[in-house]
Amino acid sequence: MQIQQEEILDLLHEHFPELAEKELQKDIAEVGRLMHYNAGQTIMDYGSYVRMVPLITEGSIKVTREEDEEGKEMILYFLGKGETCAMSFSCCMMDKQSAFRTEALEETRFIGIPVKYMDQWMTKYQSWKKFIMGTYDNKMMEIIKVMDSVAFEGMDERLTKYLKARSEAAGTNELECTHQEIANDLNASREAISRLLKKMENKGLVELHRNRVVLV
DNA sequence: ACATTAAGTGATT
DNA sequence: AATCACTTAATGT
């Protein structure tokens, strides 16, 4: 137990320097649980109850919202280390079933904070409140950007933004994913994505391999 | 070597 | 831009 608390403190210092209050750090170390997911694993699914808020320390996560009819999803945003899931707050604060699905894109680790502490920490710790509010603001803007690009932009721009956002979250230019997966995320056909990627490759913007796209 | 799955291509609507 | 029908290429067994 003691060892795990030390580890959490180290992770906090490394990835969440803005959570500077000593007391807060102590609390997190005390109640936080180290979680681990493999690539492709679903962390939270539609309809499940959120019991933890994640502080991501390694890897990246994709957050999608269910869309009408069969299988159509809409990407909301990606999350990487040093971030947390804004949607998980509203879900857990309202004690609502999740309307979102989160999936680990690669091997992912985070510190899980049980939801019951959210409330008290908001009033008790200034840095926690700032952190949560800042996250809200960020992700809200990102969602609006996604909506704009769906409404006003062509597939090519959307693809470019998708790749950029995803690589930013992952902290690497090498994305492990198939054209089919990208197509699903953008609600496009696999062929369309393949062709656009090919064009980008010819322009020297990306490198294509099986199950891998490298941004240049 | 063979089967499976990912990716590329052209034609059609 | 979607869908179809097919080819080509990479990868696992």
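A note on names: the letters A, B, ... follow the listed sequences, proteins ahead of strands, and every chain is numbered from 1. Excluded from the calculations below are hydrogen atoms, water molecules and symmetry mates; all remaining heavy atoms, backbone and side chain alike, are included. Computed from a predicted structure; not experimentally measured.
- Residues A:E14 and A:K81 are not paired through a salt bridge, judged by the lack of any N-O separation under 4.0 Å between the basic side chain and the carboxylate.
- Between A:H209 and B:dA7 there is no side-chain polar atom (N or O) within less than 4.0 angstrom of OP1 or OP2.
- Contact check on A:E174 versus A:R212 returns a salt bridge, with a Lys/Arg side-chain nitrogen under 4.0 Å from an Asp/Glu carboxylate oxygen.
- Of the charged side-chain nitrogens involved, none lies within less than 4.0 Å of a carboxylate oxygen, so that A:K199 and A:E201 do not count as a salt-bridged pair.
- Read 5' to 3', the first and last nucleotides of DNA chain C with an atom closer than 4.0 Å to a heavy atom of chain A are C:dA1 to C:dT11.
- With rounding to the nearest 0.5 Å, the separation of NZ in A:K164 from CG in A:L175 is 13.5 Å.
- B:dA7 atom P lies 12 Å from atom CG of A:N184, rounded to whole Å.
- Between the C1' atom of B:dT5 and the CG atom of A:N211 lies a distance of 9 Å, rounded to the nearest Å.
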Walk me through it: do A:K145 and A:E142 pass the test salt bridge (charged side-chain N to carboxylate O under 4.0 Å, His left out)?
-> CA-CA 5 Å; A:K145 275 193 211 153; A:E142 264 193 49; over 6 Å; no
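- If you check every strand for non-hydrogen atoms under 4.0 Å, A:T178 touches sugar and phosphate atoms only.
- With sequence neighbours left out, the salt bridge (Lys or Arg N to Asp or Glu O under 4.0 Å) criterion links A:E191 to no other residue.
- With respect to the salt-bridge test (charged N to carboxylate O, under 4.0 angstrom), the residues A:R101 and A:E73 qualify.
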Toss me the dot-bracket line for DNA chain C: Watson-Crick and G-U wobble, both under 3.5 Å, 5' to 3', using | for pairs to another strand and [ ] for crossers.
-> |||||||||||||
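- A:S60 and A:E106 form a side-chain donor-acceptor contact under 3.5 Å, judged by distance and modelled atom types alone.
- The side-chain tip of A:K62 does not point at the ring of A:F78 from less than 6.0 angstrom away and within 45° of straight on.
- Electrostatic pairing of A:K139 and A:E83 counts as a salt bridge here, judged by a charged N lying under 4.0 Å from a carboxylate O.
- A heavy atom closer than 4.0 Å to some atom of DNA chain B occurs in A:S194, A:R195, A:K198, these being the qualifying members of residues 194-202 of chain A.
- As a whole-Å value, the separation of A:R210 CZ from B:dT4 P is 13 Å.
- When the ring pair (Phe, Tyr, Trp, His ring centres under 6.0 Å) test is applied to A:F100, no partner is found at least two apart in sequence or on another chain.
- If you take CD of A:Q180 and P of B:dT4, they are 19 Å apart, rounded to a whole angstrom.
- Of all the residues in residues 148-166 of chain A, not one reaches under 4.0 Å from DNA chain B with any non-hydrogen atom.
- Looking at A:H15 and A:T57, their side chains never bring a donor and an acceptor atom within 3.5 Å of each other.
- Not a single donor-acceptor pair under 3.5 Å links the side chain of A:E153 to the backbone N or O of A:D148.
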